[in-house]
Asker: 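Would you mind keeping the following structure in view while I ask a few things?
Every chain is numbered from 1 and lettered A, B, ... according to where its sequence line falls, protein lines coming before strand lines.
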Protein chains: 2
Amino acid sequence: MVQIPKTPASSAPRSVPTSADVARLAGVSRATVSYVLNNSSAVRISEPTRRRVHEAARELGYVPHAAARSLRAGHSRTVLMPAPGFPVGPLYSRFIGELQWALGRLDYTVVQYGTAGPQGDDAARAWAELRPVAVLVPGSGLGPQGVEILKRSGARAVVTLGPEPVDGAHALLMDHEAVGHRAGRHLYDRGRRRIGVVLPAEPGLEVFSAPRLEGVRRAVRGTDATVTELHLAYEEHSAARLAARWRSLGLDAVFAYNDEYAMLLMRALQDEGVAVPAETAVIGADDLMLGRLLRPRLSTVHLELPSGRELAALVDRAVHDPGARPERHEVLGATVVHRESS
Amino acid sequence: MVQIPKTPASSAPRSVPTSADVARLAGVSRATVSYVLNNSSAVRISEPTRRRVHEAARELGYVPHAAARSLRAGHSRTVLMPAPGFPVGPLYSRFIGELQWALGRLDYTVVQYGTAGPQGDDAARAWAELRPVAVLVPGSGLGPQGVEILKRSGARAVVTLGPEPVDGAHALLMDHEAVGHRAGRHLYDRGRRRIGVVLPAEPGLEVFSAPRLEGVRRAVRGTDATVTELHLAYEEHSAARLAARWRSLGLDAVFAYNDEYAMLLMRALQDEGVAVPAETAVIGADDLMLGRLLRPRLSTVHLELPSGRELAALVDRAVHDPGARPERHEVLGATVVHRESS
DNA sequence: TTGAAAGCGATACCAA
DNA sequence: TTGGTATCGCTTTCAA
């Protein structure tokens, strides 16, 4: 074995230092290095030795190898979640941020796994390769099979955040059907009977839009009100086209999927001379700042996501007691905020 | 060693299957399992054996252990990037998505590391523990020290995306100073002389807002125009307060940081009876859909982020040739889109 | 065509 | 107080 000389200048591509290198430089064994660097309380190491080890580690720029460590330990504290595959709003961003912070406090490392390529069970297998201690899956896309794969690979907790519970996994149920229901109910109560529901043309949003539509349907079931699906892309001319044939649709209200689509559509309607809310009532969802700034002020369905702290606590509980019966929580608070557009 | 009996029902908490288990069940050696499952072309395995191995792997629900694999291999194909610590706009979301997809095509695994706790060099050390083959760092917050730590730990490429290059790392320079400069220039050219610049009160945005402000300053340096800093939180009443004292500020133009703050402020100004653009010109940045829908239509600075494909290619190049001189690319295309508000 | 065994880096048990 | 060493799961060289 060649001893690589320590170069004073830092341009030589040295090989990655290991704990053995630290041990060599400090003149102690690898065991001692491990004890010192991990502050092992089981063993008492003399102060001079500690110093020498720390010194050597610093000098070499030693950083422990997570893979080796968790291989040896037989477990990691990695919480994996697939990265969202579509632009997320401020609500969700904040939620993720909070969650990461809260899990960080509990000494977990959160890792968002790049969403590309594998789908369904293959995705679950890819995640399982990392042997995360817990997996958080937003949206649907994970089936009972996937849950089984993850658990078999050592995941002590699998939590889904989505419209439906999945066998074997804890579920934070985000009932988007209820969002639609609230919106539909509100419009119906305001005397509207011919209700349009916007379905975004952008892919990946069906998970949310389909249940929202269904919620509106349920809200007016058994009444004389009708529900009409409206496909709308998030583009000005798509909205203009829809607005152009608006009067032929004979609608007196529209649930616009969310505030952004609502703004897009409302603008197009106004440009077309359709009076809001007189001729057509408009309601969005998400309660973005945006809506408050529009004229008329946009009515919306305010959504309350679970706090990151709560979810972090759930994860921690589940990790400690993997055998427990899967928890099921209804977490999407949906309340109508009535402003001027409806 | 206790042989765990195969249970027909799947509720028993079996231990995680390893390649040795697969080998045992298939009646072959672990080497053979590895050959088969990795489609090793160096060795030819008989068809019946292959089948038996695949069968056994499927039956046990075997998933390889990434840590063990990369430990043995001495490298991984993980590209790490810290997860953004603040709500990101659609621009950045799309960029990340593209990037993940493009790197996925090149067989890298993208992992967003949860931003909590460690800062500065400690963060770099935490990332280094995962031994990523490449690290992508948006924003500032990584210094030359951090780069050195990462490289010493085997990262073959470190790429920063931010306002300033960092020694030793490739840099995708996002020149926010230029954004401010374009905006300032535009306002000046439109005859405005008393220019306000919005600085968001929200933390974490200084990285962008400071250089944008500086850009405006530079644009009017040596002229008779003045620049006034305006602190604004992303809340209605903050905007209302600012609007209430607007006339006392004597400004005839404002660069509102971005389109969202611009919308917020413009609405407040209009509510206060300040005519836009007659009395005060307003320009935002980011060219969101939003701005097109406002009345007057919002002038903005359109930003062009690098395509994910380009960045993926840069990463791949850098990984293949770690010794190469750090590349430096100006990637933030900034062009004024003049609409009606200025 | 298949198997035995070394070794990646870190940890923790048992001795000394 | 410190060191030697087996071990985690996997890949790969060398032999058989």
Side-chain angles (χ1 to χ4, degrees), chain A residues 1 15-53 56-57 60-78 125 128-133 152-154, chain B residues 1 15-53 56-57 60-77 125 128-131 133 152-154:
Chain A
M1 174 154 296
S15 70
V16 182
T18 72
S19 74
D21 296 321
V22 177
R24 208 156 18 234
L25 183 56
V28 299
S29 76
R30 296 157 64 220
T32 305
V33 171
S34 178
Y35 293 141
V36 172
L37 264 29
N38 294 304
N39 262 316
S40 170
S41 53
V43 183
R44 292 193 45 74
I45 304 282
S46 71
E47 204 44 53
T49 305
R50 305 188 86 80
R51 219 190 311 283
R52 285 221 312 290
V53 170
L60 293 175
Y62 169 73
V63 175
H65 193 305
R69 189 200 296 254
S70 70
L71 179 59
R72 171 62 230 235
H75 62 258
S76 73
R77 290 191 65 83
T78 301
R125 253 182 291 272
E129 291 194 2
L130 299 187
R131 296 293 190 270
V133 67
R152 267 254 239 306
S153 302
Chain B
M1 172 154 297
S15 69
V16 183
T18 71
S19 74
D21 297 322
V22 176
R24 209 158 13 236
L25 182 57
V28 300
S29 76
R30 296 157 60 219
T32 306
V33 170
S34 178
Y35 292 142
V36 171
L37 295 180
N38 293 307
N39 262 315
S40 169
S41 53
V43 183
R44 292 195 47 74
I45 305 283
S46 70
E47 204 43 53
T49 304
R50 305 187 87 81
R51 218 190 311 283
R52 285 221 310 291
V53 170
L60 293 175
Y62 170 73
V63 175
H65 193 307
R69 189 201 296 260
S70 72
L71 181 58
R72 170 64 228 232
H75 62 258
S76 73
R77 290 190 66 82
R125 252 182 292 271
E129 291 194 1
L130 298 187
R131 297 290 191 272
V133 67
R152 267 255 236 305
S153 302

Asker: Please pick, from D:dC10, D:dT2, D:dT5, the nucleotide with the shortest atom-to-atom distance to any side-chain atom of A:Thr32.
Answerer: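 Looking only at side-chain atoms, A:Thr32 lies closest to D:dT2.
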Asker: Rounded to whole angstrom units, what separation is found between the CD atom of B:Glu129 and the P atom of C:dG9?
Answerer: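 Rounding to the nearest Å, CD of B:Glu129 and P of C:dG9 are 15 Å apart.
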Asker: Can you measure A:Tyr62 atom OH to C:dG9 atom P for me and round it to whole angstrom units?
Answerer: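 Spelled out: OH on A:Tyr62 to P on C:dG9 is 10 Å.
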Asker: Measuring from the side chain of A:Ala31 (C-beta onward, heavy atoms only), which nucleotide among C:dG9, D:dC10, D:dG3 has the closest atom?
Answerer: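 That would be D:dG3.
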Asker: Hey, could you give me the CD1/CZ distance between A:Ile45 and A:Arg52, rounded to the nearest 0.5 Å?
Answerer: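 Atom-to-atom, A:Ile45:CD1 and A:Arg52:CZ are 11.0 Å apart.
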Asker: Quickly work out the B:Leu130 CG to C:dG9 C1' distance and round it to whole Å.
Answerer: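 Rounded to the whole Å, the gap is 15 Å.
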Asker: Remember a base hit wins even if backbone is also touched, and classify B:Ser70 as base, sugar-phosphate or nothing at under 4.0 Å, heavy atoms.
Answerer: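 Contact class for B:Ser70: none.
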Asker: Using atom NE2 of A:His75 as one end and atom C1' of C:dA10 as the other, report the distance to the nearest whole Å.
Answerer: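 Going from A:His75 (NE2) to C:dA10 (C1'), I get 13 Å.
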Asker: Where each residue is assigned the nucleotide of DNA chain D containing its nearest heavy atom, which of B:Val43 and B:Ala67 is assigned the position nearer the 5′ end?
Answerer: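 Mapping each residue to its closest nucleotide by heavy atoms, the 5'-most match is B:Ala67.
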Asker: I'd like to know if the side chain of A:Ser29 reaches the main chain of A:Thr32, judged simply by a donor and an acceptor atom lying under 3.5 Å from each other, with no hydrogens or angles considered.
Answerer: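 Here the side-chain-to-backbone pair exists.
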Asker: Contact between A:Asn38 and A:Arg69 at the side-chain level, heavy atoms closer than 4.5 Å - yes or no?
Answerer: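 In short, these two side chains touch, coming nearer than 4.5 Å.
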Asker: I need the CD1-P distance between A:Ile45 and C:dT11, as an integer number of Å.
Answerer: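 Checked: the CD1 to P distance equals 14 Å.
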Asker: If I compare all heavy atoms of B:Val133 with all of B:Ser76, which pair ends up nearest, and what's the gap?
Answerer: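 In this case the closest contact between B:Val133 and B:Ser76 is CB-O, 3.4 Å.
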Asker: Starting at atom CZ of A:Arg50, determine the distance to atom C1' of D:dT2, rounded to an integer number of angstrom.
Answerer: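 Interatomic distance, CZ of A:Arg50 to C1' of D:dT2: 13 Å.
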Asker: Can you check whether A:Asn39 reaches A:Arg50 side chain to side chain, under 4.5 Å on heavy atoms?
Answerer: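 Result yes, sub-4.5 Å side-chain heavy-atom pair found.
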Asker: With a 4.5 Å limit on heavy-atom distance, are the side chains of B:Val16 and B:His65 in contact?
Answerer: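 Counting from C-beta outward, B:Val16 and B:His65 never come under 4.5 Å.
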Asker: Between C:dT2, C:dT11, C:dG9, spot the one nearest the side chain of A:His65, thanks.
Answerer: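 Among the listed nucleotides, the one closest to the side chain of A:His65 is C:dG9.
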Asker: Considering every strand and a 4.0 Å limit on heavy-atom distances, what is the contact class for B:Arg69: base, sugar-phosphate, or nothing?
Answerer: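 If one applies the 4.0 Å heavy-atom cut-off, B:Arg69 turns out to touch the sugar-phosphate alone, with no base involved.
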Asker: To the side chain of A:Ser46, which of C:dT2, D:dT7, D:dT1 is closest?
Answerer: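 Nearest to the side chain of A:Ser46 among the choices is D:dT1.
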Asker: In the structure I gave you, are the side-chain heavy atoms of B:Arg131 and A:Val63 within less than 4.5 Å of one another anywhere?
Answerer: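 In short, these two side chains touch, coming nearer than 4.5 Å.
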Asker: I want to confirm an ordering. Mapping B:Ser29 and B:Arg131 to their closest nucleotides on DNA chain C, which one lands closer to the 5' end?
Answerer: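 Between the two, 5'-proximity favours B:Ser29.
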Asker: Ignoring backbone atoms, test whether A:Ser19 places a side-chain nitrogen or oxygen under 4.0 Å from the OP1 or OP2 oxygen of C:dA10.
Answerer: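 Checking A:Ser19 against C:dA10: at least one side-chain N or O falls below 4.0 Å of OP1 or OP2.
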Asker: For a 4.5 angstrom cut-off between non-hydrogen side-chain atoms, does A:Thr18 reach A:Asp21?
Answerer: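 When only atoms from C-beta onward are counted, A:Asp21 and A:Thr18 do touch, with a gap below 4.5 Å.
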Asker: Rounded off to whole Å, could you give me the CG-to-C1' distance for the A:Leu71 and C:dT11 pair?
Answerer: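 My rounded result for the distance is 11 Å.
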Asker: Could you identify which residues of residues 33-40 of chain B place a heavy atom less than 4.0 Å from some atom of DNA chain D, listed by residue number, or say none?
Answerer: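 B:Ser34, B:Tyr35, B:Asn38 - these, ordered by number, are the residues of the stretch whose heavy atoms sit under 4.0 Å from the strand.
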Asker: Check the distance between C:dT2's C1' and B:Arg44's CZ and give it to me in whole angstrom.
Answerer: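 Rounded to whole Å, this separation is 14 Å.
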Asker: Would you indicate which nucleotide in D:dC10, D:dT2, C:dT11 comes nearest to any side-chain atom of A:Thr49?
Answerer: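 The answer is D:dT2.
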